[in-house]
Amino acid sequence: MSDVEEAVTRAHHDEWARVVASLTRRFGDLDIAEEAAAEAFATAVERWPADGVPPNPGAWLTTTANRKAIDRIRRESKRDDKHKEAQMVYDDPPEPRGAIDDDRLRLIFTCCHPALAMEARVALTLRMVGGLTVPDIARAFLVRETTLEQRITRAKAKIKAARIPYRVPAAEDLPARVAAVLTVLYLVFNEGYLATGPDTDPVRHDLTAEAIRLTRLISALLPEDGEVAGLLALMLLTEARRPARVSASGELVTLDEQDRGAWDKALTAEGHRLVRERLAAAAAGVAPGRYQILAAINAVHTSARDIRDTDWSQVLALYDQLVHLDSSPIVALNRAIAVAELDGPEVALAAVDRLEDKLAGYHAYHATRADLLRRLGQSQQSRAAYDKAIELAGNTAETAYLTRRRDQLR
């Protein structure tokens, strides 16, 4: 990759959400914002190789996108737009920002308006704020790309038809919006932690860092919300392991093989502190939510000095608690991994096989089956499961790991 291509890629990672949020605030139209932002990046691809990368790529992209948006509006409307054109040409007057003073976070809450279906809120926000492609989001949702594209299109149309405004929600409106926002941030974080695109870095620190940053802002806005604290703890404890997750050769390093001395001690300590605070609240009668339980599971893993010291009975007890809140097949799959450590791979494999109808297109399902079959000495079946996992996996580091494990089979 050339220096200019790298600069464009980095600018897309760093500036997409800022540009889209800025245009949405100015023009009040998500379609215009997204299209103008995309045109600005396309223009960068054409002009930067000849003109050089500008000193401030974000400002260049924002200015270019604004011009693209104005050109589109002028093309589409020839009515009496003198007043509108004046607003477009001159800077917008400052507006009161209310409870949220970050454009990207404000855009998340706008996309997560209660008038939209929950799935539409999440998909739209991942596209508009996270900058993820439709294939990326479709993989995250385990749905077809056409289904996901229709979901996003309908959400934009609903915003326009219902005249949902782009504005800062009042402080009293924040709690009602927070569930969808946390779902979005969790999915953005997961895409960064294990990127699904075959042409991206296996770990996208830009996405994990942005998800953590925005979650910290929400935590400051809603300091008493246990699920916000739980999600932040979960992200921190997961991010703490990032330095040990990919080998020098670009292969995924699983939890049991990681150098635990390389984990980020500050992030681990902060995550454990948040989990302890939530455990104290639970002891006082406040039932934990999904993210708090997931954070507690991660706290058990990161408390063990060695994989052999992991308290698997505690992990399984937490998954049993989580199943009552989230009966998704992915939770059941992760629970089966803990079952394998306590009751053996044969019991776990029976539980995993019951999930085939729901997870046949999910690479981690086949990777888990492959590992359990390997432990049971069923090499031929294990190889077939590894082949399927490799076919479905998009992450380059994970593909390298699965390939090595398959090739080690006799």
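Values below: all heavy atoms of this structure, side chains included; hydrogens, waters and symmetry mates excluded.
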With sequence neighbours excluded, residues passing side-chain contact (heavy atoms from CB on, under 4.5 Å) with Asp31: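 With neighbours one apart ignored, the set is Asp29, Arg72, Lys156, Lys160.
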Does Arg290 qualify as a cation-pi partner of Tyr186, given the criterion of NZ or CZ under 6.0 Å from the six-membered ring centre and within 45 degrees of its axis?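 The answer is no, since Arg290 fails at least one limit relative to Tyr186.
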May I ask you to decide whether Asp371 forms a salt bridge with Arg405, counting only side-chain N to carboxylate O separations under 4.0 Å?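 Salt bridge present between Asp371 and Arg405.
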If the condition is salt bridge (charged side-chain N to carboxylate O under 4.0 Å, His left out), which residues does [X] pass it with, not counting sequence neighbours?
{"X": "Glu270", "answer": "Arg216"}
{"X": "Glu149", "answer": "none"}
{"X": "Arg67", "answer": "none"}

Side chains of [X] and [Y], heavy atoms from C-beta outward: is any pair under 4.5 Å?
{"X": "Leu252", "Y": "Pro202", "value": "no"}
{"X": "Ile159", "Y": "His113", "value": "no"}
{"X": "Tyr291", "Y": "Arg278", "value": "no"}
{"X": "Cys111", "Y": "Arg127", "value": "no"}
{"X": "Ile212", "Y": "Leu236", "value": "yes"}

Consider only side-chain N and O atoms of [X] and [Y], and report whether a donor and an acceptor are under 3.5 Å apart.
{"X": "His363", "Y": "Glu398", "result": "yes"}
{"X": "Glu239", "Y": "His205", "result": "yes"}
{"X": "Ser313", "Y": "Asp311", "result": "yes"}

State which residues pass ring-ring contact (aromatic ring centres under 6.0 Å, His included) with Trp48; sequence neighbours excluded, sorted by chain then number.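 ring-ring contact (aromatic ring centres under 6.0 Å, His included) check on Trp48 returns Trp60.
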CZ-CG distance between Phe189 and Leu214, expressed to the nearest 0.5 angstrom: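 The CG atom of Leu214 is 13.0 Å from CZ of Phe189, to the nearest 0.5 Å.
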Considering only residues two or more places apart or on different chains, which pairs with a residue in residues 219-235 satisfy salt bridge (charged side-chain N to carboxylate O under 4.0 Å, His left out)?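 Checked against salt bridge (charged side-chain N to carboxylate O under 4.0 Å, His left out) - neighbours excluded - no pair reaches residues 219-235.
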Is it the case that more than 12 heavy atoms not belonging to Arg47 sit under 6.0 Å from its CZ atom? no
Counting only heavy atoms not in Glu356, do more than 12 fall under 6.0 Å of its CD? no
Could you check, using the six-membered ring where one of them is a Trp, whether His301 and Trp312 have ring centers closer than 6.0 angstrom?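 Yes, they do, as the ring centres are separated by less than 6.0 Å.
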